[in-house]
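Please read the structure below before turning to the comments.
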Amino acid sequence: MSLRDIDTLVIGGGVVGMAIAYGLARAGERVRVLDGADDAFRAARGNFGLVWVQGKGLDKPDYARWSMASVRRWGAFAGQLTAATGVELELSQVGGLQFFLEEEELRAYAQKLSGLRDALGGDYPFDVLDPQSLKELSPHIGPEVVGGVYGRLDGHVSPLRLLRALVQNFHQLGGELRNGVHCSRIEHRSDGFHAWTDGEEHVAGKIVLAAGLGNRKLAPLVGLEAPIEPNRGQVLVTERMQPFLRHPSGRVRQTGEGVVQIGDSKEDAGFDEGTSIDQLAYIAQRACKYFPLLEKVNLVRTWGALRVMTPDGFPIYEQSAQYPGAFLATCHSGITLAANHAGPIADWIRGAQPPAEISTFIAGRFDV
């Protein structure tokens, strides 16, 4: 593929960028993805693998609708990838649980979910569970857990297998992925968008910025804004265990390989993607209250990673008014929203009407 023989240039080869690039290539476009070096800040490093609805959009029903739309597309999306690549994504959509150690916290959360369900006209399936009902779904739950919430649409997947399948099928569809490159400059000219990586020039009719935290510097080059900041999350991983946790939660999940991921820290730590003993101890102690059997289990890995967060926590999807054909896509739920990115977002970039749910997800909302 020559430097100018492309329709769309996607900057960013994480889950967001690859899902969009896959959707474009599947529709017949000639696509090149420019991905950074291994030392770049990558949200995917801290990914928890959730395909999740519960609790999303409590203050913004459009985000709940957008998340539900993607979750409902996920089965077909995963099936297409597995059929094309043979990669089993370990998708499970049997529902997800949130656990509570305080009655007041559970009541407040359930009340918020009820309000969101009303705002959505009843289309928001969840159940509040007492300890006995919760134990029927999750028998190893600890005695300190006072109850939980079961989200019927929730689930999880292997993010590593997902990314592998996206890259593999993208290549099968004729897409080109350039790894270890840094985009330093973008210009719009009469023949399209010109981007430079380490002295190499790339030209395309359209350009998609999906570079995570890198979008903050790239967006102004095409007349867009990306007011995003890093938010650190830390994760613990145990040794392999016999299966005991069928339903994932936002804080503890057991993967298809048998290891248990423990997480959900949220820290304003700037661009420090390291770990801290106090935060790791806190999330470990909380997990042991949920599941006392974890107390004797060995930990084998820990890591920190930076989420991509806007001021209100919701995505930005926008086409440049100044330079039509330049698109910005940034969010912190790349796994949940992958099916939407490969579907309606890719369709929008190809010329379809933007999905109704994203009409308010523009950067201008922060100017008020």
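This is a predicted model, so every value here is computed, not measured.
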Between [X] and [Y], a side-chain donor and acceptor under 3.5 Å:
X	Y	result
Gln234	Ser276	yes
Gln322	Ser320	no
Tyr317	Glu357	no

Nearest-0.5 Å distance, [atom1] of residue [X] to [atom2] of residue [Y]:
X	Y	atom1	atom2	value
Leu58	Leu113	CG	CG	6.0 Å
Ser359	Phe361	OG	CZ	8.0 Å
Gln254	Arg240	CD	CZ	11.0 Å
Ile6	Ile207	CD1	CD1	8.5 Å
Arg164	Leu89	CZ	CG	10.0 Å
Leu134	Phe99	CG	CZ	6.0 Å

Measure across [X] and [Y] and return the closest heavy-atom pair with its distance rounded to 0.1 Å.
X	Y	result
Gln54	Gly96	NE2-O, 3.5 Å
Val51	Val71	CG1-CG2, 3.9 Å
Ala339	Pro344	O-CD, 4.1 Å
Tyr124	Val53	OH-O, 3.4 Å
Ala204	Asp7	CB-O, 3.8 Å
Leu120	Ala64	CD1-CB, 3.9 Å

For the [atom1] atom on [X], are there more than 12 heavy atoms of other groups (residues, nucleotides or ligands in this structure) within a distance under 6.0 Å?
X	atom1	result
Glu187	CD	yes
Asp59	CG	no
Arg72	CZ	yes
Gln353	CD	no

Heavy-atom side-chain proximity of [X] to [Y] below 4.5 angstrom:
X	Y	result
Ile283	Gln279	yes
Pro143	Pro292	yes
Arg350	Leu24	yes
His156	Leu91	no
Ile316	Ile362	no
Leu50	Pro248	yes
Leu129	Leu97	yes
Trp74	Val157	yes

Tell me whether the centres of the aromatic rings in [X] and [Y] are closer together than 6.0 Å.
X	Y	result
Trp66	Tyr63	no
His332	Phe314	no
Phe126	Tyr150	no
Phe244	Phe291	yes

Checklist entry - How are the rings of His188 and Tyr323 set to each other: parallel, tilted or perpendicular (split at 30° and 60°)? => result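 His188 and Tyr323: tilted rings.
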
Next on the checklist: Ring-plane angle category for Trp348 and Phe327, please: parallel below 30°, perpendicular beyond 60°, tilted otherwise.
Outcome noted: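 Perpendicular, since the angle between the ring planes exceeds 60°.
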
Give a yes or no on whether a salt bridge exists between [X] and [Y], defined as a side-chain N under 4.0 angstrom from a carboxylate O.
X	Y	answer
Arg32	Glu176	yes
Glu200	Arg178	yes
Glu105	Arg107	no
Glu225	Arg216	no

Item to check | Thr8/Glu29 under side-chain hydrogen bond (donor to acceptor under 3.5 Å, both in side chains): CA gap, chis, key distance, verdict | outcome: CA-CA 7 Å; Thr8 304; Glu29 288 212 4; 2.5 Å; yes

Donor-acceptor pair, [X] side chain versus [Y] backbone, under 3.5 Å?
X	Y	result
Thr310	Gly313	yes
Thr82	Val87	yes
Glu90	Thr255	no
Asn169	Ala165	no
Lys289	Leu101	no
Arg246	Leu137	no
Thr238	Leu299	no
Ser70	Asn340	yes
Asp35	Gly13	yes
Gln319	Gly325	yes

Item to check | side-chain hydrogen bond (donor to acceptor under 3.5 Å, both in side chains) between Ser138 and His247, intermediate numbers included | outcome: CA-CA 7 Å; Ser138 194; His247 300 86; 6.0 Å; no

Item to check | Stepwise side-chain contact (heavy atoms from CB on, under 4.5 Å) test for Cys183 and His202 | outcome: CA-CA 10 Å; Cys183 182; His202 312 265; over 6 Å; no

Item to check | Glu88 vs Arg161, salt bridge (charged side-chain N to carboxylate O under 4.0 Å, His left out): CA-CA, chis, key distance, verdict | outcome: CA-CA 7 Å; Glu88 173 52 56; Arg161 288 170 178 259; over 6 Å; no

Checklist entry - Does the salt bridge (charged side-chain N to carboxylate O under 4.0 Å, His left out) test come out yes or no for Lys60 and Asp312, once each step is laid out? => result CA-CA 10 Å; Lys60 196 176 184 68; Asp312 62 7; 5.4 Å; no

Next on the checklist: For a side-chain contact (heavy atoms from CB on, under 4.5 Å) check, start with the C-alpha distance between Phe48 and Val252, then their side-chain angles and the critical distance, and finish with the verdict.
Outcome noted: CA-CA 9 Å; Phe48 216 60; Val252 184; 5.7 Å; no

Checklist entry - What do the steps show when you test Tyr22 against Gln168 for side-chain hydrogen bond (donor to acceptor under 3.5 Å, both in side chains), and what is the final call? => result CA-CA 10 Å; Tyr22 159 77; Gln168 186 172 326; over 6 Å; no

